[in-house]
Number of protein chains: 2
Amino acid sequence: MIGKLIEGLRATGRRLTRTRRAVLRVLEGNQYPLSASELYERLQKEKVSIDLVTVYRTLTVLKELGFVSQLELHHEGQFRYEIRQGRKHHHHIRCQGCGRIVDLLLCPLKKLTSLIEKETQFVVNEHTLEFGGLCPKCQ
Amino acid sequence: MIGKLIEGLRATGRRLTRTRRAVLRVLEGNQYPLSASELYERLQKEKVSIDLVTVYRTLTVLKELGFVSQLELHHEGQFRYEIRQGRKHHHHIRCQGCGRIVDLLLCPLKKLTSLIEKETQFVVNEHTLEFGGLCPKCQ
DNA sequence: TGATAACTGCAAAGAATTTGCAATAATACT
DNA sequence: AGTATTATTGCAAATTCTTTGCAGTTATCA
Ligand SMILES: [Mn+2]
Ligand SMILES: [Mn+2]
Ligand SMILES: [Zn+2]
Ligand SMILES: [Zn+2]
């Protein structure tokens with residue numbers, strides 16, 4: 001991943017820094033999407049000193065390069081970020097009790113998209129689908 | 001609608017006020033969901049003097065009573081509210097150009113919900129589905 | 001090694017929403 | 001109708017997440 005990152009950064013006149021490496025590493029080590037402040041806390045625990053503002057700026061860059069996706073889950077009031085590079089399009093389910101987020105490795109919306117384009121005359125570029133419920137522990 | 005509102009308010013020890021009547025009326029007169037500040041502007045245009053804070057509080061009450069739904073559309077960074085009372089479950093498509101929001105009077109997720117419950121062991125209570133694209137004018 | 005320009009930290013600003021509190025107004029009771 | 005009760009409102013201030021400005025720092029390359 002780090003190779004691709006250097007490549008992407010170079011191509012846009014950017015530099016590989018301690019910060020960018022660290023943020024990408026933490027995201028890679030997590031199986032669920034992290035918010036900026038969660039990421040910040042993880043970094044602090046690992047004794048990597050990076051300002052929260054820099055975390056935000058780094059996430060913006062990684063998003064622009066296509067390495068991470070920015071998620072807006074419901075009832076959260078904040079963004080979350082997860083590795084996108086090399087991962088398939090997917091959706092999420094979030095526990096209304098504990099907030100646990102699980103990947104749903106499916107997408108039922110291809111056919112529906114054509115239908116909607118015909119009905120609305122929109123050109124559809126994106127969609128978001130999310131489920132909320134209670135995980136086994138919270139039921 | 002106002003009859004049902006009085007009923008709902010009474011049942012929870014609340015009162016019918018100028019504010020609540022006005023907010024409900026403006027929402028009823030709109031075919032797309034409004035944000036708190038948009039609602040506030042509409043009220044000002046109609047010479048109905050209500051503080052923005054009160055608009056927020058009113059929307060919270062109307063939501064609690066089930067008269068309005070609170071929507072969190074993507075790329076908006078604010079809530080929107082629309083009349084829920086007497087309307088069917090539906091989803092939305094939003095133009096990435098002009099922000100126009102159109103109702104999609106369909107929901108393809110009933111079957112999928114059962115599948116997801118089996119796969120994840122969650123109990124699914126809600127879902128959100130939203131499309132983004134370009135409306136005819138913005139294409 | 002030094003020049004250049006990107007990057008970072010810190011302080012502050014923004015934007016949406018919520019909270020505290022005293023003044024106001026709706027409802028119930030005489 | 002007049003009054004007591006208590007929900008509601010307006011205004012100021014606080015909160016939370018995110019962005020911006022700027023001067024000092026650091027990566028990159030000649
Ligand atoms: Mn995911
Ligand atoms: Mn709608
Ligand atoms: Zn999908
Ligand atoms: Zn649905």
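Naming convention: chains lettered A, B, ... in sequence-line order (proteins, then strands); numbering from 1 in each chain.
Between the side chains of H91(B) and H127(B), at least one donor N or O lies within less than 3.5 Å of an accepting N or O. Checked by atom type, the side-chain pair R14(A)/T12(A) shows a donor-acceptor distance below 3.5 Å. The closest side-chain donor-acceptor pair between Q70(A) and H74(B), if any, does not fall under 3.5 angstrom. Residues E130(A) and H75(A) have side chains that never bring a donor and an acceptor to within less than 3.5 angstrom of each other.
At a threshold of 4.0 angstrom between heavy atoms, the contacts of T12(B) with the nucleic acid are absent. Heavy atoms of S37(A) sit nowhere under 4.0 angstrom from any nucleic acid atom.
Distance, Y40(B) OH to dT18(C) P: 17 Å, rounded to whole Å. R21(A) has its CZ atom 16 Å from the C1' atom of dA6(C), to the nearest Å. At whole-Å resolution of the value, CG in L34(A) and P in dT18(D) are 13 Å apart. Between the P atom of dT17(C) and the CD atom of E38(B) lies a distance of 11 Å, rounded to the nearest Å. Going from atom CD of E76(A) over to atom C1' of dT18(D) covers 16 Å, rounded to whole Å. Between the CG atom of L59(B) and the C1' atom of dT9(D) there is a distance of 15 Å, given to the nearest Å. Distance CD (E41(B)) to C1' (dA16(C)): 14 Å, rounded to an integer number of Å. The nearest whole Å value for the distance from the NE2 atom in H75(B) to the P atom in dC17(D) is 21 Å.
Taking the side chain as every heavy atom from C-beta outward, C135(B) and F122(A) approach each other to under 4.5 Å. The side-chain heavy atoms of I93(B) and I101(B), taken from C-beta on, include no pair separated by under 4.5 Å.
The backbone N or O of L109(A) sits less than 3.5 Å from a side-chain atom of T113(A), completing a donor-acceptor pair.
Distance from the side chain of D51(B) is smallest to dC11(D) among dC11(D), dT8(D), dT18(D). In this structure, the nucleotide among dA16(C), dT8(D), dT18(D) sitting nearest to the side chain of Q78(A) is dT18(D).
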(message) I need a per-nucleotide contact map over nucleotides 19-30 of chain D, read 5' to 3'. Cutoff is protein heavy atoms under 4.0 Å; write B for the base, S for backbone only, - otherwise.
(response) BBB-----BS--
